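These numbers were taken from a predicted model, which means no experiment stands behind them. Throughout, protein chains are lettered first and strands after them, A, B, ... in sequence-line order, and every chain is numbered starting at 1.
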There are 2 protein chains.
Amino acid sequence: MTQSLKKETHVRNSCTLNKAIADCFEKLTDEELLLFEENHVVLTYKKGETLCKQGSMASHIMYICCGLVKIYMENENNSLILKVLPGGNMIGLTALLEGSNVFKYSAMAYQECKVRLIDINAFKKVISQNSAFAKEVINILCENLIQTQTRFFSYTQKQSYGKLADTLICLSCNIFKCDAFELNLTRKELAELTGLTPESVIRILSKFKADNIIVMDGKTIQIMDMAKLKMISDYG
Amino acid sequence: MTQSLKKETHVRNSCTLNKAIADCFEKLTDEELLLFEENHVVLTYKKGETLCKQGSMASHIMYICCGLVKIYMENENNSLILKVLPGGNMIGLTALLEGSNVFKYSAMAYQECKVRLIDINAFKKVISQNSAFAKEVINILCENLIQTQTRFFSYTQKQSYGKLADTLICLSCNIFKCDAFELNLTRKELAELTGLTPESVIRILSKFKADNIIVMDGKTIQIMDMAKLKMISDYG
DNA sequence: TATAAATATTGATTTACATCACATTTTACA
DNA sequence: TGTAAAATGTGATGTAAATCAATATTTATA
């Protein structure tokens, strides 16, 4: 009951940002928990450090205990942030695909993170023997897929103001869970997150400020008129 | 061995178009096959008919026996084709997500299709009891997720020429498996598939024709210079 | 604390693509 | 088979957002 309520308050729509908490570990037997226990390490990553690099071998599934991580794809020139993950989420599930155990994206710590690295073979083994666990993994993958598709669609439809409004709403509702939050992202990162250039982001933020939709003070952004912001997000 | 070879020849990159064949049914016991047998219907959809509508209840998982289907998201004004699926693929897997048994996208037949509709509860039951089956479903979901992410990234990076080159390569390599193919899509549909306007698609096709990259004769398109097309796709 | 480097901001210019308008061809169907 | 409707094709125009350029501010560090 509480859970379904929780899910309803989560802004899913076109959001970049994940709040889906991995419930799968609750489904494990003591024996399986022990297997994970024996095949894991917990690492701490500092702000700016790389958790995994696109193209490298994925020998582990990563579980973010706490912190904030950006997941992004990159090529020579550009990069696109696929999502931003707070604690409770997993990285590298797509490496479960048979014959493709390579990270398809990179991950970088926005804030200091505690990350649990679980051996991918142990993970696969438990999937093979525990259907309830497998079902939860399926749930997480479905959630990811829906989110990515929805965000893709929204990305193709909306233009700059809508996109940035979207991003601000998601940061506020899904990540910081607060109207006012300290944005420890550079304008460049906010631009990547939104799919715009830093200059455009700055211009739009200024406009939002002039229209009293947000208040900016240093790195702190406070959303004053969420209704208007939602309208901008919906309209385009 | 043959399988890994098959996978290598499949152009994955930024392709709209799926070739991933659902292997999962091979993992079923006789009993489970019987359960599916008792809880399925096979329907034939004519060209242009809707297989499922975004927002409607997903009471079935659909397996495309043969034909060609477009999967797309839509709102009042626009639509984005997420992928094009030939026979061997499944529709509606994301409805497996607990508490979200609604289609997130619509599906329409490009060609006449034979579709097997399997009751979603039977499907979920088998996932719960057969880990090998669940594992295959995980494989398919991973494949879908990787494809969607890659396509999203590519969409944000490439511009019109690269996008259309991409689409043509995928049609040729993954769908029709032939350098020359009869394009039973309108320019409007090709535009939707590529994320451009019909006018732009026409202009670019004319340019490709003028540069001897393709030959067009009525509805038939033949790729004359695949290398050049790949270069355009890679370059942008 | 001074200086360099990175980041943020503002304005001018460019550009890729959409939009619009209209002509032509193909397809549907009465 | 003839006519309307839909699809295709082409040119002119508009525009959102990128790019470019130059300055101001913040942050890093020697």
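A:S106 and A:E74 are linked by a side-chain donor-acceptor pair at a separation below 3.5 angstrom, with hydrogens and angles left out of the test. Side-chain contact annotation: B:N89 with B:K83, donor-acceptor N/O pair under 3.5 Å absent.
Nucleotide C:dA16 holds its C1' atom 15 Å from the CD atom of A:Q159, rounded to whole Å. Rounded to whole Å, the distance from CD on B:E189 to P on D:dA6 is 15 Å. Distance, A:I204 CD1 to C:dT10 P: 13 Å, rounded to whole Å. In this structure, NZ of B:K47 is placed 13 Å from C1' of C:dA28, rounded to the nearest angstrom. Taking atom CD on A:Q157 and atom P on C:dA18, their separation rounds to 12 Å, with Å as the unit. Look at OH on A:Y161: it is 8 Å from P on D:dA17, rounded to the nearest Å. In this structure, the CG atom of B:L164 is 15 Å from the C1' atom of C:dA16, given to the nearest Å.
Not a single donor-acceptor pair under 3.5 Å links the side chain of B:T220 to the backbone N or O of B:M216. Panel note: side chain A:E189, backbone A:T186; a donor-acceptor pair is recorded below 3.5 Å. Between the side chain of A:T148 and the backbone N or O of A:N144, at least one donor-acceptor pair lies under 3.5 Å. Panel note: side chain B:S56, backbone B:C52; no donor-acceptor pair is recorded below 3.5 Å.
OP1 or OP2 of C:dA18 sits under 4.0 Å from a side-chain N or O of B:T197. Contact between the side-chain N/O atoms of A:S160 and the OP1/OP2 oxygens of D:dA17 is found at a separation under 4.0 Å.
Across its full length, the helix from C:dT1-D:dA30 to C:dA30-D:dT1 shows an angle of 50° between the axes of its 5 terminal pairs at either end, rounded to 10 degrees.
A salt bridge links B:K207 with B:D211: the distance from a Lys NZ or Arg NE/NH1/NH2 to an Asp or Glu carboxylate oxygen falls below 4.0 Å. Electrostatic pairing of B:R187 and B:E199 does not count as a salt bridge here, judged by no charged N lying under 4.0 Å from a carboxylate O.
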N/O to N/O distances under 3.5 Å, protein versus nucleotides 8-10 of chain D:
| unit_1 | atom_1 | unit_2 | atom_2 | d |
| --- | --- | --- | --- | --- |
| D:dT8 | OP1 | B:K219 | NZ | 3.2 |
| D:dT8 | OP2 | B:R187 | N | 2.9 |
| D:dG9 | OP2 | B:R187 | NH1 | 2.5 |

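Within 6.0 Å of NZ in A:K219 there are more than 12 heavy atoms belonging to other residues, nucleotides or ligands.
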